[in-house]
Structures are given as structure tokens and as C-alpha cells.
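Read through the structure below, which is laid out as C-alpha cells, and then see the notes.
This one's a predicted model, so the numbers in the text were calculated from it and none came from an experiment. Note that the numbering runs from 1 along the sequence shown for the chain. Side chains are part of it too, since the values below use all heavy atoms of this structure and drop only hydrogens, waters and symmetry mates.
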Amino acid sequence: MLPTVTASGSPRTQDALRTLLDLLAADAPAEDFARPAAQARADGASAAELAEVDEATRVALRIRRTLSQHRVREAELTALFDTASDLAALRDLDAVLRAIVHRAKLLLGTDITYLSLNDETAGDTYMRVTDGSVAASFQQVRLGMGEGLGGLVAQSARPYATDDYQADNRFHHTDTIDGAVLDEGLRAILGVPLRLGSRVIGVLYAADRTPRRFAREEVALLSSLADHAAIAIDSARLLEETRTALGDLGAANDTIRAHNQAMHRTEEAHDHLTDLVLRGADATEVAAGIAALLDGGILIHDADGTELARTGTAPLTPPVDGVAASRTSGRAVPVEAAAGTWVCAVLAGPELLGSIALTGRPDLPDTDRLLFERAGIVTALLLLLRRSAAETEDRVRAELLYDLLTATGDGGALAARARRVGVHLSRPHAVLVAHGEAATRQRLLSAAAQSARTRGGLAGIHHDHVVLAVPSKAPGRCAQEMAAEMGKALGSPVTVGAAGAAAEPGTGDGTGSLPTAHEEAQRCLSALLALGHTGNGAALPDLGFLGVLLGDQADLAGYVRNTLGPVLDYDARRGTELVRTLDAYFVHGASLTRTKTALHIHVNTVVQRLERIGRLLGKDWNAPARSLEIQLALRLHHLAQDL
């Protein structure tokens, strides 16, 4: 409380008091307050008047000091309020930190201010931002908890100040920290904690490059600024985290939206392709639909690698390794040997139905890959429907074949049934009986049915054998082709015996001779197996005289024609005597000398004729087995001429 000053009635004293009041009102410098006392002395004031003026001067100076403190405090509060407003308006964390250290530098008037933040993972505090710093080592320094002034503030959550850091032994000095402080040239340092509740998140510093004692008011001011700064830092951090979360949420929404669109596109494509299959589209139409959706070439193969459909690309053999990898993973896989090509196994449960290949797509996004895999499912539906239809048709054809071979029912009705499935029995047919060496009967039947369908014929089981009836005028050649075709499909030898069947005279229904032909084909198969001709196909005439012996109705003329036909035709065209020479050769024990004597020709002529016969009948004509057949044919030929 200020002392009471009682003004006397002296004019000099009253003038001095008015002057002191004017100086207070003008916020004059402190040295100006000595002028009223000096003026009173110069005017000859008494000792009592001078004592009164001196006391008034002391009171005025105290009032001036109090007012000055109030103004400083008001300025500090205004600065804090402005700082809080500025920090509240900032949204970027780096901008908040720069604003904090810059305002601290302005408020305390120091050479440098800086701020460090705690790293909870590393367990230390690191320099984040500086204002007024010139040393790079200082700007990058990290302080362990308890190290240096800043480490002690971060650890203890209390403010610390030093007049001269290098000479202050209260702190744990380290070479790194001391070197950075020395590079920056700092002497006086004040550090206050940035606190959020009981948690310290960093330290705010003010420092000078000359010794300085920080007043309690300065410590309080920097602490108040640090409290505001901590809240602003936390708000900025929360805002940044919120922005990040919103960004992540937006990206997630975009991903979900894109995924939903892709799924919708995939479902629409799946429905479109499924509708194609259910409306009876064939493999080529389905392949074209898939190619249009995926903007690439498409190939569809069955389980055996047979191409079923192809559009927009060249032929391609299904990659065995790629199909196996797709079958194992259940996903479409790229084909390493063919750039830009993908393959997807077509499955029905664990069963491999075939494969589908996509070409011309080096990059296949997940959405298109999923669409391609969905196309594989639709292709599986297509192949299952095809197989179901084929199995139904094969069952109908097998029942018809059974009735034909057992002569069950009216011949006309059987012929009508055959026409309904595209088989015309009025044409010559070959009846074939097949035997598989390693394949099961069911696999052999499937292969036979496939071959029969492609030829417009029938296939089924009869007397525990796989039997076929296919249009053909050459049963032996047909049997050879079928043996090779089914053997390739099954990957194991298939033996086929054949016989010809023709429409009975006057009926035109082609049903009467099928049972007889079946019996002959079965005998032919037995002969082939007995002779060790596994994997071959033939009719009885192809077996030579054995075929004649095994035949139910021996075709002697046919046997002679099959055996000697080229020689007979040559003699007929040229008027030569090759048949007579061949007969004499065998009659005289294959002796050239006796043959030329019997024919009354030169031995060279005999040799030339035999060479001609070899060219006509084949190089093995003189082998024991072949010569036996030729001799039998010669005897039958002479017998026919005698008759």
C-alpha cells in the first residue's frame, strides 16, 4: 500500500505535485521524476517542503513502477490471448509448431527459440522445429530422457533454466548435446514442459547466446505459452489423424464402390453367359460372348485337349502345367510359355471337364480375372449340359443298336427309329467289335460313342463287348481307322474286328444282316487277339486264308481278288503270263531253272517276271506265310476257271 502524502499550502509544493502527476500521466522516464525536487531546491524551498516533495517523488515512482508492471502483464496477457487465437486458427501441425516457437521468441526477446517432441517408441526427445538457429547439428540433435537440460525437463515435467549451460553441473552433459549447444553458441537456456494432463509431449525452449538470468515472470510466461501450445499441438494432431482417417475412409469407400461395381459387372456377365447356355447356345457362341466381355481371344478345350471353340485367336494347345496349376488353386493362372495368355481349369467338383484360355491380355486386373473365372464356371455348365445330352443320346443309340443286333422288333420300326437319330440303315454299314488292352470298358465305350457320333453311327454294349455300327463300304479300313482313333483317345492299344452289313434284298431297311455281321466281327476280333495283332483293326478278308476259314459264308472270289488282284489285273491289261509264271514257280519248288524249263523261256525272263510280281504284290510275297496265302489263292483261281 502506498504511503499517504499530505499537500501543504506552499505554492512550491503544490507545483511539484502537479508536475509529478503530469509526469505519471505522460508515462515519462524515471529520471524525469527528479526534476520537481530539483526545481524546489532551486526556488529556495524549506527543508520541510523539500522532504514533502521527495516523499511525493518516491510515491510517484512507485506508482509508475506499478503501472509499468500492469502494462507489461497486460501486454503478456494480450500476447497469450493473441497466441491462443492464432494457434486455434491453425490446422496444420507443422504450421502450429512454427507459430509457437516464433511467438515465444517475440515474447521473451531471446536469440533463439526451439521445440522438441517426445518419441515414445525410441524413449527420447528430438528437435522438431527452431527459430533463429544456425547450426545443423543443433537442429538435428536428439536427447535421451534425463540428458541435458531438455532431457531433464522432459523426464521430470518441470521447468529448468540456466544462466550458462556449459558451466552448469546440475545437468547430465553428453558430448553430442554439448557439441550441438557449442555449435549454436548458446549460454542461457530456459526449458518448460509441453503437458497434456499428466503426460509430457515435449519441451519448449528460449535461449540466448550471452549469459542471462530468466525472471520468474519469463518462466511463467513461457510456461503459459507452452500450455496453450500443447493443447494446440494435440488439437492439430487429432485433426491430422481425423483427416487421415477420413482419407482412409474415403479410399475405403472408393475401393468398396469399385468392388461393388466390379461385382455387379461380374454378376451381370455371369447371368448373361448362363442365359446363353440355358437358351441352347453352343460352345462357339459362349466363347464369342466371353471374348466380348474380356476384350481378348478365347479358346475352349475338353478334358482331352480337343478344341471345342475358338474366337479371336490362333489355335493353342492347352498347357498341361497351367491347367494343373489352375485345377489345384481354383484360380486362373498366367501361361509362362505364351505371354499375355491366361488359362482356367473347367471343373465340376474335383472332375476336370476341360479348360478355357484367354489370349491378348498381358495385364489382367482382379476384376477381369474374377470375370474370367466366372466364365470358367459357365463353361463347366455348358460342358455338363453337352455331356448330359450326349449321354442321353448315347443311351438311346445303344438301346437301338442292341435291338438291331438281337433283331428285336419289326425291321421297319427299327429303321424308323434309326432315322430319328440320324442313322440310315439303307446304306452299307460296318459292324465293329472293340477290345481295349488297358482301358476300362466304360472308357472304351465313351471313346467308341464319340467316334460313332462323328461318323453318324451307333455304339453300345452287346455280349459284354463294345460294339459299333458305322456307315462304311470298307469294313477292314474302317476298323484300322477306329483302332487308331480310339487308341489315341485312350492312350492305350485298342483292337477292332469288323464285318460288313448290307440291306437285305427287297427290304431296304438294312437290319437283317447286322446280327450276322456282328458274329463275324466278333470272330475276327478273336482271330486278331489270337494272332497277336493287338492294337490293329481288320475284317476277316484282311486275315488271308485264315479269314476264309473263319468266315461263315466264305467269299472265295473275294479272297482271290484280295490276294492276286494286282497280278490278275496286270495280265488282263498287258496280255502277260505273270499268273502262269507264279504258278509254275511254286509248283517246281521255287526253282528258277525248273521253272524256265517248264515254261520254255530264258531264266532271265523268269527273273524279270518274278521281279514284276514283287512290285505288284509287295516285297514279302515270297515269305513263308504270304507265299502260302498266294498258293491257296492260285489253287482257288484255277478251281474257279475249271468250274
Side-chain angles (χ1 to χ4, degrees), residues 69 72 76 79-80 83 97-98 100-230 233:
Q69 289 175 347
V72 170
E76 291 175 349
L80 287 175
T83 299
L97 298 181
R98 288 192 297 270
I100 289 170
V101 296
H102 182 68
R103 187 57 60 91
K105 188 169 182 289
L106 293 177
L107 289 177
L108 273 73
T110 54
D111 296 328
I112 177 175
T113 50
Y114 50 99
L115 181 148
S116 66
L117 293 179
N118 290 358
D119 187 338
E120 296 181 359
T121 303
D124 60 6
T125 183
Y126 62 96
M127 198 72 70
R128 178 64 186 271
V129 63
T130 64
D131 190 344
S133 172
V134 295
S137 60
F138 183 80
Q139 296 166 15
Q140 299 171 6
V141 72
R142 296 183 75 98
L143 296 80
M145 291 300 178
E147 295 179 351
L149 183 146
L152 184 59
V153 173
Q155 184 183 56
S156 65
R158 293 172 56 192
Y160 278 90
T162 178
D163 299 347
D164 191 345
Y165 175 77
Q166 297 286 4
D168 198 329
N169 294 325
R170 291 179 299 161
F171 309 109
H172 178 201
H173 290 266
T174 67
D175 293 340
T176 301
I177 298 173
D178 287 358
V181 171
L182 185 62
D183 291 344
E184 193 63 53
L186 298 182
R187 303 291 295 276
I189 302 174
L190 168 62
V192 297
L194 297 171
R195 286 180 294 200
L196 285 174
S198 60
R199 183 167 64 95
V200 176
I201 63 171
V203 179
L204 179 61
Y205 306 83
D208 267 340
R209 294 186 174 91
T210 57
R212 168 180 174 174
R213 181 177 295 277
F214 290 98
R216 286 179 297 178
E217 292 82 1
E218 292 175 318
V219 175
L221 177 60
L222 192 61
S223 296
S224 297
L225 182 60
D227 291 340
H228 284 84
I233 289 172

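The shortest distance between side-chain heavy atoms of Gln155 and His172 does not fall below 4.5 Å. Ile177 is listed as a side-chain neighbour of Tyr165, based on a closest heavy-atom distance under 4.5 Å. Leu190 is not listed as a side-chain neighbour of Thr110, based on a closest heavy-atom distance of 4.5 Å or more. A heavy-atom distance below 4.5 Å is found between the side chains of Tyr205 and Leu149. Side-chain contact check for Phe171 versus Asp178: every heavy-atom pair is 4.5 Å or farther apart. For the pair Arg187 and Thr210, the minimum side-chain heavy-atom distance is 4.5 Å or more.
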- Query: Are Gln139 and Ser133 close enough, and set up right, to give a side-chain hydrogen bond (donor to acceptor under 3.5 Å, both in side chains), and what steps lead you there?
  - Reply: CA-CA 7 Å; Gln139 296 166 15; Ser133 172; 3.2 Å; yes
- Go through Met145 and Asn118 one step at a time and tell me if the side chain to side chain contact (heavy atoms under 4.5 Å, CB included) criterion holds. CA-CA 9 Å; Met145 291 300 178; Asn118 290 358; 3.7 Å; yes
key: side chain to side chain contact (heavy atoms under 4.5 Å, CB included) assessment of Val200 paired with Thr125   = CA-CA 10 Å; Val200 176; Thr125 183; over 6 Å; no
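For Asp168 (side chain) and Arg170 (main-chain N/O), a donor-acceptor pair under 3.5 Å exists by modelled atom type. For the pair Asp111 (side chain) and Arg209 (backbone), a donor-acceptor distance under 3.5 Å is present. Under the 3.5 Å distance criterion, the side-chain polar atoms of Asp119 are matched with a main-chain donor or acceptor of Thr121. A donor-acceptor pair under 3.5 Å is formed between the side chain of Glu184 and the backbone N or O of Val134.
The two residues Thr130 and Tyr114 make their nearest non-hydrogen contact at CG2-CB, 3.6 Å. In terms of heavy-atom proximity, Ala226 sits nearest to Val192 at CB-CG2, 3.7 Å. Closest approach of Leu222 to Ala104, counting heavy atoms only: CD1-CB, 3.9 Å. Taking all atoms of both residues into account, the shortest heavy-atom contact from Ala206 to Leu108 is CB-CD2, 3.7 Å. Val203 approaches Gly150 most closely through the heavy-atom pair CG2-O, 3.7 Å. A pairwise comparison of heavy atoms in Ser137 and Asp183 identifies OG-OD2, 2.7 Å as the closest pair.
Atom CZ of Arg216 has 12 or fewer heavy atoms from other residues, nucleotides or ligands within 6.0 Å. Enclosure of atom NE2 in His173 by more than 12 non-hydrogen atoms of other residues, nucleotides or ligands within 6.0 angstrom is indicated.
Of the inter-residue distances, the one linking Asp164 atom CG with Thr162 atom OG1 reads 6.5 Å to the nearest 0.5 angstrom. Summarising the geometry, atom CE belonging to Met127 is positioned 6.5 Å from atom CG belonging to Leu143; distances are rounded to the nearest 0.5 Å. Taken to the nearest 0.5 Å, the CG atom of Leu204 stands 7.0 Å off from the OG1 atom of Thr113. Atom CD in Gln166 sits 8.0 Å away from atom CD1 in Ile189 (nearest 0.5 Å). Interatomic distance, Asp124 CG to Leu117 CG, rounded to the nearest 0.5 Å: 11.5 Å. Atom CZ of Arg213 sits about 4.5 Å away from atom CG of Asp163, to the nearest 0.5 Å.
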